[in-house]
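Step one of this worksheet: look at the structure below.
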Amino acid sequence: MQRHLQRLSQDIFDLLIVGGGITGAAVARDAAARGLKVALIEKGDFASATSAHNSKLIHGGLRYLKNFELGLVRESLRERRIWQRIAPHLVRPLPFVIPQYDASSKDRLTLAAGLTLYDILSFDRSWLADPAQRLPRHSWLSRDTALAEEPVLEGEGFSGAFKYYDAQMYSPERLALACLIDADANGAVIANYAAATSLLIRDGKIEGAQVRDCAGDATFDVRAKRTLVATGPWSDIFLDAALGKKTAHRILRSKGIHLVVPQVSRKSALTVAAEGGHFFILPWRGRTILGTTDTAFTGDPDTVHVTEQDIADFLAFINSHLPEVKLHRADVIHSYAGLRPLVDEGNGDTYGASRRAALINHREDGVEGLTSAIGGKWTTSRDLAQKIVDQLGDALGPMRPCSTATTRLPGGEIDSVLSFHAEQKRAHPDLEGVDHLARLYGTQLDAMLAAAGNRPDLLQPLGVTGDIGAQVLFAIREEMALTLSDVVTRRTGIGQLGKPSADVLARTADIMAAELNWNTERRTREIESVAEALVVAQA
């Protein structure tokens, strides 16, 4: 996958997608596979905002049953199974435990009924060829059984727990990237660090966008029959500026923070009820993700970050509801914040707001040829993309049927995840972190390792995460990585468990500098930028 800016500026496309998060990536994959001529531009790096800064779950949305959003839950559960099938290296089952403290018989029966309905709606959860990917139905754990599994649940009034199953992404960033790689293989022209500065309007019709190459100095036009804005929390801001007026549909931005701490639970995720909501304790890569908050955000989306007050408040909240965790500020090794772009229903309630998606034709804003997608969930992004391309098809002419639900993503050609990992261990007995690398790359693992060439040093670990130098070269040559941040925080796991050591950053930067001909000043600037970005919190 290469940046072809010349093709972007010279060709005329069926569809221009502005935004390289999971919505834009999924649309690009679907549209290109159906034979459309597709362009996608992203002002930063792919999946560098909302699509990365989440709880890393592919889930049905158990709590949506409270709002009677049965259609959304069923859609989510169906899509969960699809992600498991098309990307088994990146999406796998995760058990969840819901502890019961001082729960009345009515409360327990109500939750049991909700979980039973969840099981019914996920009737196809075992329609997968790989037994390791099939999800059991929910069950009740007695107090002693639950504490034997997860001692951290001990607490006053604890009577037992319900166990159910959803799925988890090993790397949301790489799952979105896989969609883009697939789109590229089907002819899409894709570029990161290419910002749409305005829309091209002629006689009331949008004909594409003016684009600035953020990695260089060029400005050029990208022309297309239809333009889709999929910029998440930035959508209404971008459209207002591009059209020169306030557009009809607004976004409610919800800030969610996550903290990464040492391992808290043994094997299961914990869903803990709290006043006005819930929080998660999520096992991930030998650590635990604590998530998430849900508060209205009204500032500039580019400025969202985790503050020390955010951390203090969230830790106090978790400790008050799950005292056995006994978490302190020093336990926080990494933090991140993201914004959920919710459809604004006018009540300002971010927690209760629907996670449904809305597809907007901006004809009511006085222009033709412009569509925007707002809201939605990671889990249902593939289905949303299918619906978007179906709708745009009326204007773009005949297309092939959608195939994204059955076509495996690059790296996902795995029939048995257990057999696959055993094969990789036999094939690479001297490779540390082979399980981690197999999760990131799937069947593309050997292609990544080939980037090392005859340099055994590139097969040695970079720090404690299981990542190696060959990944850095592969990211540059095959995955459009342009900056140290791209490599450290999105293409690999080097910086996803907290700030790497100075030595690891220096060694990674050395590999990139040699490949991209960075001078000393550029190398230093890249290291400083990553080090600053991975500070656990800001004032």
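In this chain, numbering begins with 1 at the start of the sequence shown.
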Between [X] and [Y], is there a donor-acceptor pair closer than 3.5 Å when you use the side chain of the first and the backbone of the second?
X    : Y    : answer
R253 : P233 : yes
S48  : G44  : no
R29  : C179 : no
H59  : G61  : yes
E42  : N192 : no
K267 : P95  : no
Q471 : T492 : no
S419 : S416 : no
E324 : G155 : no
T145 : L141 : no

Identify the heavy atoms of [X] and [Y] that sit nearest to each other, and give their distance.
X    : Y    : answer
V18  : T231 : O-CG2, 3.4 Å
L282 : A269 : CD2-CB, 3.7 Å
A32  : A183 : CB-O, 3.8 Å
V343 : A358 : CG2-CB, 3.9 Å
T406 : I86  : C-CG2, 4.4 Å
N54  : S51  : ND2-O, 2.9 Å

Can you confirm whether [X] sits close enough to [Y] that some side-chain heavy atom of one is under 4.5 Å from a side-chain heavy atom of the other?
X    : Y    : answer
F297 : S254 : no
V272 : H278 : no
R85  : W127 : no
M1   : L180 : yes
T271 : V97  : no

How long is the straight-line distance from [atom2] of [Y] back to [atom1] of [X], given to the nearest 0.5 Å?
X    : Y    : atom1 : atom2 : value
R340 : T295 : CZ    : OG1   : 8.0 Å
W83  : W378 : CH2   : CH2   : 5.0 Å
L175 : K56  : CG    : NZ    : 11.5 Å
D430 : Q460 : CG    : CD    : 9.5 Å
S55  : I289 : OG    : CD1   : 7.5 Å
R137 : T116 : CZ    : OG1   : 6.0 Å

Note to self: Is there a side-chain contact (heavy atoms from CB on, under 4.5 Å) between F279 and L290? Walk through the geometry before answering.
What the structure shows: CA-CA 7 Å; F279 63 87; L290 310 175; over 6 Å; no
Return the orientation label for the F96 and F280 ring planes: parallel under 30°, perpendicular over 60°, tilted otherwise.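 Rings of F96 and F280: perpendicular, over 60°.
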If the plane angle is over 60° it's perpendicular, under 30° parallel, otherwise tilted; pick one for F317 and H321.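 The arrangement is tilted - the two ring planes meet at 30° to 60°.
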Q) Out of D166, D124, D130, which residue meets the salt bridge (charged side-chain N to carboxylate O under 4.0 Å, His left out) rule with R81? A)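 Result: among D166, D124, D130, D124 is the only option passing the salt bridge (charged side-chain N to carboxylate O under 4.0 Å, His left out) with R81.
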Side-chain donor-acceptor contact under 3.5 Å, T307 with Q309: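 No, because no side-chain N or O of T307 sits under 3.5 Å from a partner of the opposite role on Q309.
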For [X], what residues pass the side chain to side chain donor-acceptor pair (under 3.5 Å) criterion, not counting sequence neighbours?
X    : value
R287 : none
H334 : none
E423 : none
K43  : D302

Does CD in E413 sit with more than 12 non-hydrogen atoms of other residues, nucleotides or ligands closer than 6.0 Å?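 Result for CD/E413: enclosed.
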*Does the ring of W140 carry K163 above it, NZ/CZ under 6.0 angstrom from centre and within 45° of its axis?*
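Cation-pi check for K163 and W140: fails.
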### Message
Ring of Y170, cation from R285 - is the NZ or CZ under 6.0 Å from the centre and inside 45° of the axis?
### Response
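Judged by the rule (NZ or CZ under 6.0 Å from the ring centre, within 45° of its axis), R285 counts as positioned above Y170.
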Task: Residue pairs passing the salt bridge (charged side-chain N to carboxylate O under 4.0 Å, His left out) test where at least one lies in residues 467-489, sequence neighbours excluded - done: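 Pairs touching residues 467-489 that pass the test: R174-E479, R477-E515, D486-R490.
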Can you list every pair that meets salt bridge (charged side-chain N to carboxylate O under 4.0 Å, His left out) and has a residue in residues 379-389, with sequence neighbours left out?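 Non-adjacent pairs meeting salt bridge (charged side-chain N to carboxylate O under 4.0 Å, His left out): E75-K387, R78-D383, E79-R382, D383-K387.
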Would L40 and F46 satisfy side-chain contact (heavy atoms from CB on, under 4.5 Å), going step by step from the backbone distance to the final call?
CA-CA 10 Å; L40 181 144; F46 308 121; 4.0 Å; yes
Should Q100 and L111 be marked as a side-chain contact (heavy atoms from CB on, under 4.5 Å) after you check the CA-CA gap, both sets of side-chain angles, and the distance that decides it? CA-CA 10 Å; Q100 298 291 284; L111 182 53; 3.4 Å; yes
Between [Y] and [X], does any NZ, NE, NH1 or NH2 come within less than 4.0 Å of an OD or OE carboxylate oxygen?
X    : Y    : value
R329 : E308 : yes
R408 : D182 : no
D331 : K326 : no

So, using ring pair (Phe, Tyr, Trp, His ring centres under 6.0 Å) as the criterion, who are the partners of [X] when residues are at least two apart?
X    : answer
F314 : none
H53  : Y336
H421 : none
H428 : none

Checklist line | Residues that D390 engages under salt bridge (charged side-chain N to carboxylate O under 4.0 Å, His left out), provided they are two or more places apart | finding: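 If we apply the salt bridge (charged side-chain N to carboxylate O under 4.0 Å, His left out) test to D390, skipping adjacent residues, the hits are R34.
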Next item on the list: Applying salt bridge (charged side-chain N to carboxylate O under 4.0 Å, His left out), name anything that partners D310, two or more places apart in sequence or on another chain.
Entry: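 Residues passing salt bridge (charged side-chain N to carboxylate O under 4.0 Å, His left out) with D310: K255.
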Going through the checks in order, is the side-chain contact (heavy atoms from CB on, under 4.5 Å) test met by L342 and I251?
CA-CA 6 Å; L342 307 175; I251 289 175; 5.9 Å; no
Checklist line | Passing candidate, side-chain contact (heavy atoms from CB on, under 4.5 Å) with V332, options L327, L259, V260, V306 | finding: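 Filter result, single survivor: L259.
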